[in-house]
Visitor: 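Here it is, the structure, as structure tokens.
Here is the naming used below: chain letters follow the sequence lines, and residue numbers restart at 1 for every chain.
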Amino acid sequence: MLDPKLLRNDLPLVAERLSVRNFKLDQDALSELDRRRKALQQRTEELQAERNSRAKTIGQAKSRGEDIEPLLAENSRMGDELENARDALAEVQAELDAILLTLPNMVDASVPRGRDEADNLELRKVGTPPSFSYEPLDHVDIGARRSALDFETATKLTGSRFAVLRGELAMLHRALIQFMLDVHTREHGYVEINVPYVVNAETLKGTGQLPKFEDDLFRLVWGDVGTRADAGATGNDYYLIPTSEVPVTNTVRDTILEVSELPVRYTCHSPCFRSEAGSYGRDTRGLIRQHQFEKVEMVQVVHPDESYAALEQMTGHAETILQKLGLAYRVVVLCGGDIGFAAAKTYDIEVWLPAQKTYREISSVSNCTDFQARRMQARFRDPTTRKTELLHTLNGSGLAVGRTLIAIMENYQQEDGSVAVPEALQPYTGGVRTVLQP
RNA sequence: GGAGAGGUGGCCGAGUGGUCGAAGGCGCCAGCCUGGAAAGUUGGUAUACGGGGUAACCCGUAUCGAGGGUUCGAAUCCCUCUCUCUCCGCCA
């Protein structure tokens, strides 16, 4: 959520910042709504003050044993007026809140304007893509051996966009997770955390997925489907997490941290569930875009002065994984048209995929500034003023496990169809150095 | 799933209709005391929004798990929801 004070005091500035995202802010509607809110609030509070003072007078009169009947009669007329004012205020406030919750974060000044991913800015290329003496296979063909990567069975079990991993490929997948967690905890100072994969609506609101992006989520319905479908009305709405950023970041919701507790650094392995609504026909082949995938996430909660340094640092942490695995990648800064709802600045890391002969996203690292913190009421206490202030939150993949597996399969493929295991990973494969041998 | 008990400030805990943002304690901050500290002692110690003031600050409103109701007036009474704890059942 954006700062309501800023919205009141400098709407044009907000509109300008949001225009970088190609988001058009209806300034007139917003300021008119706020003007009404203010008038109604003052009127309501006036009436409440009067009611309070009268009630107090009655109480005092009664305690002196005086006759309070005349006072009561005088008061009976106030009720309706107060109620009307209160209702009108609540209505306008709700309208205003609804708008506020759908406004995206303001992007940092360094974020370039642009329409879509084509306008993202490449910052650096690291590593050299491998060369092959033959036309490299893609991961689907490589994984076909002994049904190590099995989409048919997954379709039978569930439907499209799911996969079954078997044998050495399942083992390699697991090794990757453990490798990443170990690097982040032992070398990068993160605390490993394990969290629920099912969360409530409040949690999703905190990180910004709700109310605007419900279509991207899997919502749980249980028990009697007929009566539970509208479970939200009774407070029972649970969703599968689209990323562990959601539960991990929300661990600091409604808390006030001391400066000594900062920065908070968590790394978390979890499955992620995404409906992929609106991506029909995209990446339909292979493991690239699935309804369920696994990810090792990094989350930091930091002092506002530190967040942009933390963004660079976290990007470096994700890059370290790729470097250790010997994979070529590039780093891009997302343009206004491609950046996510909650982020003020995002770096995408894209790994080289030989079969596609292109770089594909494998990590996304974002500084969400105070946007999520305000929604979550995640604050710290300034040691000098003793006042509470909003924290800054960051999240980044370190890395998407499925896509890392793809990258290894394609980049480390050998002419006989087997896949070499990167050296850094071998301690995690029990010394196995090649998988999917003929 | 059944039965019961409970959710009050950073924490513990009192408060069953009136001047209660809420006793008391702990913690924290500041002063005094001390060579310094502990102990002692005095004072302070929530958040949000609105209004006023250059500012320190002052005034108003709201907040005692959440929402609704009763009432001139609700932390206190009623209803719904939610979470926690105890016992029983079931279960990886």
Visitor: Would you call Leu399(A) and Lys295(A) a side-chain contact if the rule is heavy atoms closer than 4.5 Å?
Guide: no
Visitor: If you compare all heavy atoms of Leu436(A) against all heavy atoms of Leu169(A), which two are closest, and at what distance to 0.1 Å?
Guide: CD1-CD1, 4.2 Å
Visitor: Sort out for me which residue in Arg174(A), Met180(A), His173(A) forms a side chain to side chain contact (heavy atoms under 4.5 Å, CB included) with Leu176(A).
Guide: Met180(A)
Visitor: For atom C1', what is the distance between U16(B) and A92(B), given to the nearest Å?
Guide: 45 Å
Visitor: Compare every heavy atom of Arg146(A) with every heavy atom of Pro438(A), then report the nearest pair and how far apart it is.
Guide: C-NH1, 4.1 Å
Visitor: When rounded to the nearest Å, what value does the distance between P atoms of G73(B) and G1(B) take?
Guide: 39 Å
Visitor: List the steps and the verdict of side-chain contact (heavy atoms from CB on, under 4.5 Å) for Leu220(A) and Leu240(A).
Guide: CA-CA 7 Å; Leu220(A) 297 182; Leu240(A) 295 176; 4.0 Å; yes
Visitor: Distance between the C1' atoms of C57(B) and C12(B), in whole angstroms?
Guide: 33 Å
Visitor: By nearest atom, which of the nucleotides G18(B), U61(B), U19(B) is closest to the Ile58(A) side chain?
Guide: G18(B)
Visitor: Checking Gln290(A) now: which residues fulfil side chain to side chain donor-acceptor pair (under 3.5 Å) with it, not counting sequence neighbours?
Guide: none
Visitor: Would you tabulate the nitrogen or oxygen pairs shorter than 3.5 Å linking the protein to nucleotides 12-17 of chain B?
Guide:
none

Visitor: Report the residues that fulfil ring-ring contact (aromatic ring centres under 6.0 Å, His included) with His392(A), sequence neighbours left out, ordered by chain and then residue number.
Guide: none
Visitor: Using the P atom in both, what is the distance from A14(B) to G7(B), to the nearest Å?
Guide: 9 Å
Visitor: Please tabulate, one pair per line, each protein N/O and nucleotide N/O from nucleotides 51-56 of chain B that are separated by under 3.5 Å, including the distance.
Guide:
{"from": "G51(B)", "atom 1": "OP1", "to": "Lys38(A)", "atom 2": "NZ", "distance (Å)": "2.5"}

Visitor: Taking the P atom in each of A37(B) and G44(B), what is the distance between them to the nearest angstrom?
Guide: 23 Å
Visitor: Can you list everything that forms a side chain to side chain donor-acceptor pair (under 3.5 Å) with Arg274(A)? Sequence neighbours excluded, please.
Guide: none
Visitor: Protein-nucleotides 47-49 of chain B N/O pairs closer than 3.5 Å?
Guide:
{"from": "C49(B)", "atom 1": "O2'", "to": "Gln41(A)", "atom 2": "OE1", "distance (Å)": "3.2"}
{"from": "C49(B)", "atom 1": "O2'", "to": "Gln41(A)", "atom 2": "NE2", "distance (Å)": "2.6"}

Visitor: Would you indicate whether the side-chain heavy atoms of Asp370(A) and Glu389(A) approach each other to under 4.5 Å?
Guide: no
Visitor: So, does the side chain of Lys62(A) form a donor-acceptor pair with the base of G18(B) at under 3.5 Å?
Guide: yes
Visitor: Looking only at atom P, what distance separates G21(B) and U63(B), rounded to whole Å?
Guide: 10 Å
Visitor: Roughly how many Å is it from CZ in Arg54(A) to C1' in U19(B), rounded to a whole number?
Guide: 18 Å
Visitor: Using residues 90-97 of chain A as the side-chain source, report each donor-acceptor pair under 3.5 Å to any protein atom, sequence neighbours left out, with the distance given to one decimal.
Guide:
{"from": "Gln93(A)", "atom 1": "NE2", "to": "Asp97(A)", "atom 2": "OD1", "distance (Å)": "3.4"}

Visitor: So do Met314(A) and Arg265(A) actually touch side chain to side chain, heavy atoms under 4.5 Å?
Guide: no
Visitor: RNA chain B in dot-bracket, Watson-Crick or G-U pairs under 3.5 Å, [ ] crossing, | other strand?
Guide: ((((((((.[[[..)..(.....]]]((((((.......))))))(((((((....))))))).[[[[[..)....]]]]])))))))....
Visitor: To the nearest angstrom, how far is Leu82(A) atom CG from U61(B) atom P?
Guide: 12 Å
Visitor: Would you sort out whether Val107(A) and Lys345(A) count as a side-chain contact (heavy atoms from CB on, under 4.5 Å), showing the intermediate values?
Guide: CA-CA 6 Å; Val107(A) 297; Lys345(A) 186 172 187 179; over 6 Å; no
Visitor: Work out how far the C1' atom of C64(B) is from that of U76(B), and round it to whole angstrom.
Guide: 10 Å
Visitor: With the criterion being N/O to N/O and under 3.5 Å, what pairs connect the protein with nucleotides 62-69 of chain B, and how long is each?
Guide:
{"from": "A62(B)", "atom 1": "OP1", "to": "Arg51(A)", "atom 2": "NH2", "distance (Å)": "2.9"}
{"from": "A62(B)", "atom 1": "OP2", "to": "Asn52(A)", "atom 2": "ND2", "distance (Å)": "3.3"}

Visitor: Can you check side-chain hydrogen bond (donor to acceptor under 3.5 Å, both in side chains) on Glu276(A) and Ser279(A), steps first, answer last?
Guide: CA-CA 6 Å; Glu276(A) 294 298 340; Ser279(A) 62; 3.2 Å; yes
Visitor: So which pairs with a foot in residues 8-22 of chain A pass side chain to side chain donor-acceptor pair (under 3.5 Å), sequence neighbours left out?
Guide: Glu16(A)-Arg113(A), Ser19(A)-Arg113(A)
Visitor: Under the side chain to side chain donor-acceptor pair (under 3.5 Å) definition, can you give me all pairs with a residue in residues 421-438 of chain A, not counting sequence neighbours?
Guide: Asp182(A)-Tyr428(A)
Visitor: Enumerate the salt bridge (charged side-chain N to carboxylate O under 4.0 Å, His left out) contacts for residues 305-322 of chain A, please, sequence neighbours excluded, ordered by first and then second residue.
Guide: Arg124(A)-Glu319(A)
Visitor: Identify the heavy atoms of Leu325(A) and Tyr412(A) that sit nearest to each other, and give their distance.
Guide: O-OH, 2.5 Å
Visitor: When the P atoms of U86(B) and A74(B) are compared, how many Å lie between them, rounded to an integer?
Guide: 36 Å
